[in-house]
Asks: 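Just passing along the structure, written as C-alpha cells.
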Amino acid sequence: MEAVAERVTPVNPVAPASSASTSRDRYAKVIEVSKRIRWEIERDVIRGRDFDFGKKFLPDGLSKVREVPFLTPAEGRFFSQIQGRTYANVFGLVERFIGAKVLEISREHWLGDQIALEALVRFTDEELKHQEMFRRLERMAAAGMPAGYDFKPQPNDVAGAVLSKSTWAVLALTLDIELFTQAHYRASIEPDGDLSPLWKDVFLFHWKEESQHAILDEIEFKREDARLTPEQRDQAVTDLIELVAAVDGILQVQASADAAYFLQQAGRSFSPEQQQAIHATLLGAYRWQYIFSGVQDPRFLEVLGSLITAEQAARIQSALASIEAPAADKGA
Ligand SMILES: [Fe+2]
Ligand SMILES: [Fe+2]
C-alpha cells in the first residue's frame with residue numbers, strides 16, 4: 001500500500017497548476033492509479049467474512065474510548081461498534097452529496113478535456129460504490145447488534161441542503177472529508193490486535209480510492225475559486241461556515257441518539273457523571289472524526305489558506321473554535 005502512496009505522491013496536489021498540460025498530467029495520473037488499485041466490495045473487502053463482534057470496529061484513536069476508562073472491555077467494544085455503525089451511515093450520507101456535486105462539475109469538461117471528464121466520472125463511480133459498501137456494512141452491523149440503533153439524518157435531505165450552497169463551499173467541505181478519510185486510515189493501522197480485520201480493510205480500501213479524490217477535489221476547488229469575484233468568495237466562506245455548523249448539528253443529534261442506545265443496551269446503570277462522560281466522549285469523537293481530523297490536515301490548511309484572505313481565515317477559525325474540540329484532540 002505504501003507503494004501506491006509513493007506513486008501517488010509525485011502528482012503533488014499542492015503544487016500550483018501552472019499550465020493546462022500540468023493539470024492534464026495530474027488528471028491522467030489519477031486515472032492511471034485509479035485503474036490500478038480498483039477494488040470490488042465482495043471480492044476484495046468483504047471476502048465472505050462477517051463482523052466479529054468480539055472485536056472493535058473503530059480504532060481507539062477515532063473512538064476516543066480511552067476517555068471513558070470506567071467502561072469494561074466489553075462495553076468499550078460496544079462503544080466502538082456503535083461508532084463504526086454510525087461511521088458507515090455518515091459516509092453513506094456524505095458520499096451522496098459528494099457524488100452528485102462531482103457529477104455536476106464534470107459538466108465543465110463534457111465537451112472539453114476528456115481526460116478530466118474520465119477522472120471525474122471514475123470519482124463519481126467510486127463514490128457510488130463506496131455508498132453501496134457502507135450500506136452493506138450497515139446491514140451486517142444491524143444483523144449482529146441489539147435493536148434500537150437509529151441513524152437520524154436522511155442522506156437526501158442533507159444532500160439537498162448541502163447542494164443549495166455555493167460549489168466553492170461544497171468543494172472545500174469535500175476536501176476536508178477526502179483528507180480526513182486518509183487520517184482515519186492512518187489511525188486504523190496502529191498496532192491493535194483487538195480491531196476487527198474486516199474494518200481494517202474497510203479503512204484501507206476506502207483510503208486507496210479517496211487518495212485520488214483528494215487530488216481531484218483540490219484541482220476542481222482551485223478551478224472554481226479562480227472563477228469567483230472577491231464578493232462571491234466572501235459569500236462562499238460564509239456558506240462553508242454554515243455547512244460546518246450544519247455538520248456539527250447532525251453530529252450532536254447522532255451523538256445523543258447513540259449515547260441513549262449505548263446506555264439502553266449496556267446492561268447496567270451508570271452514574272449521572274458517567275452518562276454525561278459517555279455522551280460528551282461520543283460527541284467529541286464524532287467532531288474529531290468528521291470535522292477536526294480533516295481541517296487540521298496540513299494540506300487542507302495550505303490549500304484553503306492559499307485561496308482566502310486573513311480576515312476570512314479568522315472567520316473560519318472562530319467558527320471552528322466555537323465548535324468545542326475536546327482538549328485531548330488539540331494538537332493530535
Ligand atoms: Fe468514498
Ligand atoms: Fe471520496
Side-chain angles (χ1 to χ4, degrees), residues 1 4-5 8 11 13 26-27 29-31 33-42 44-46 57-58 62 84-106 116-138 151 153 155-156 158-159 162-163 167 169-188 198-222 224 243 247 289-291 293-295 297 299-300 303:
M1 286 318 96
V4 172
V8 173
V11 177
R26 294 162 78 205
Y27 286 119
K29 182 74 184 172
V30 163
I31 293 170
V33 177
S34 161
K35 285 180 176 168
R36 180 155 25 91
I37 59 148
R38 172 85 192 178
W39 48 263
E40 298 303 331
I41 299 169
E42 297 295 335
D44 302 307
V45 184
I46 310 280
F57 288 4
L58 289 199
L62 296 182
R85 192 165 170 187
T86 289
Y87 193 90
N89 281 296
V90 168
F91 269 91
L93 177 143
V94 298
E95 297 192 337
R96 182 70 52 89
F97 73 72
I98 293 173
K101 178 52 76 178
V102 173
L103 203 53
E104 181 193 304
I105 59 175
S106 77
L117 179 59
E118 182 180 349
L120 294 178
V121 167
R122 295 187 73 88
F123 183 160
T124 308
D125 175 60
E126 286 160 5
E127 295 295 32
L128 288 167
K129 179 180 68 180
H130 299 175
Q131 286 179 62
E132 175 55 29
M133 175 179 75
F134 287 116
R135 283 193 294 269
R136 177 96 163 78
L137 295 175
E138 154 59 27
F151 187 69
N156 283 340
V158 173
V162 170
L163 295 172
T167 291
V170 178
L171 292 177
L173 180 66
T174 302
L175 185 61
D176 173 37
I177 294 168
E178 310 290 5
L179 291 173
F180 71 52
T181 309
Q182 298 179 43
H184 297 175
Y185 164 67
R186 291 193 294 272
S188 78
L198 176 48
W199 266 97
K200 267 181 179 278
D201 279 340
V202 169
F203 286 112
L204 167 65
F205 284 96
H206 197 212
W207 164 77
K208 284 199 210 182
E209 291 185 341
E210 293 299 320
S211 298
Q212 278 69 255
H213 297 181
I215 294 167
L216 292 175
D217 187 74
E218 190 177 313
I219 299 173
E220 296 301 322
F221 184 30
K222 288 177 174 170
E224 175 65 16
L243 280 176
V247 169
Q289 289 162 31
Y290 304 113
I291 298 176
S293 59
V295 296
D297 185 288
R299 262 173 69 192
F300 184 81
V303 175

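Read the numbers this way: they start at 1 and go in the same order the structure lists the ligands and their atoms.
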Asks: Check the orientation of His130 and His206. Use parallel for under 30°, tilted for 30 to 60°, and perpendicular for over 60°.
Replies: perpendicular
Asks: CG/Leu198 to CG/Leu137 distance, rounded to the nearest 0.5 angstrom?
Replies: 6.5 Å
Asks: The criterion is side chain to side chain donor-acceptor pair (under 3.5 Å); which residues satisfy it with Asp201, sequence neighbours excluded?
Replies: Arg47, Arg49
Asks: Output, in order, the C-alpha distance, side-chain angles, deciding distance and verdict of side-chain contact (heavy atoms from CB on, under 4.5 Å) for Leu58 and Phe203.
Replies: CA-CA 9 Å; Leu58 289 199; Phe203 286 112; 3.5 Å; yes
Asks: Give the ring-plane orientation class for Phe180 versus His184, where under 30° counts as parallel, over 60° as perpendicular and anything between as tilted.
Replies: parallel
Asks: Is Lys101 salt-bridged to Asp217, cutoff N-O under 4.0 Å?
Replies: no
Asks: Strictly under 2.8 Å of the Fe ion (ligand 1): which protein N/O/S atoms qualify?
Replies: Glu95 OE2, Glu127 OE1, His130 ND1, His206 NE2, Glu210 OE2
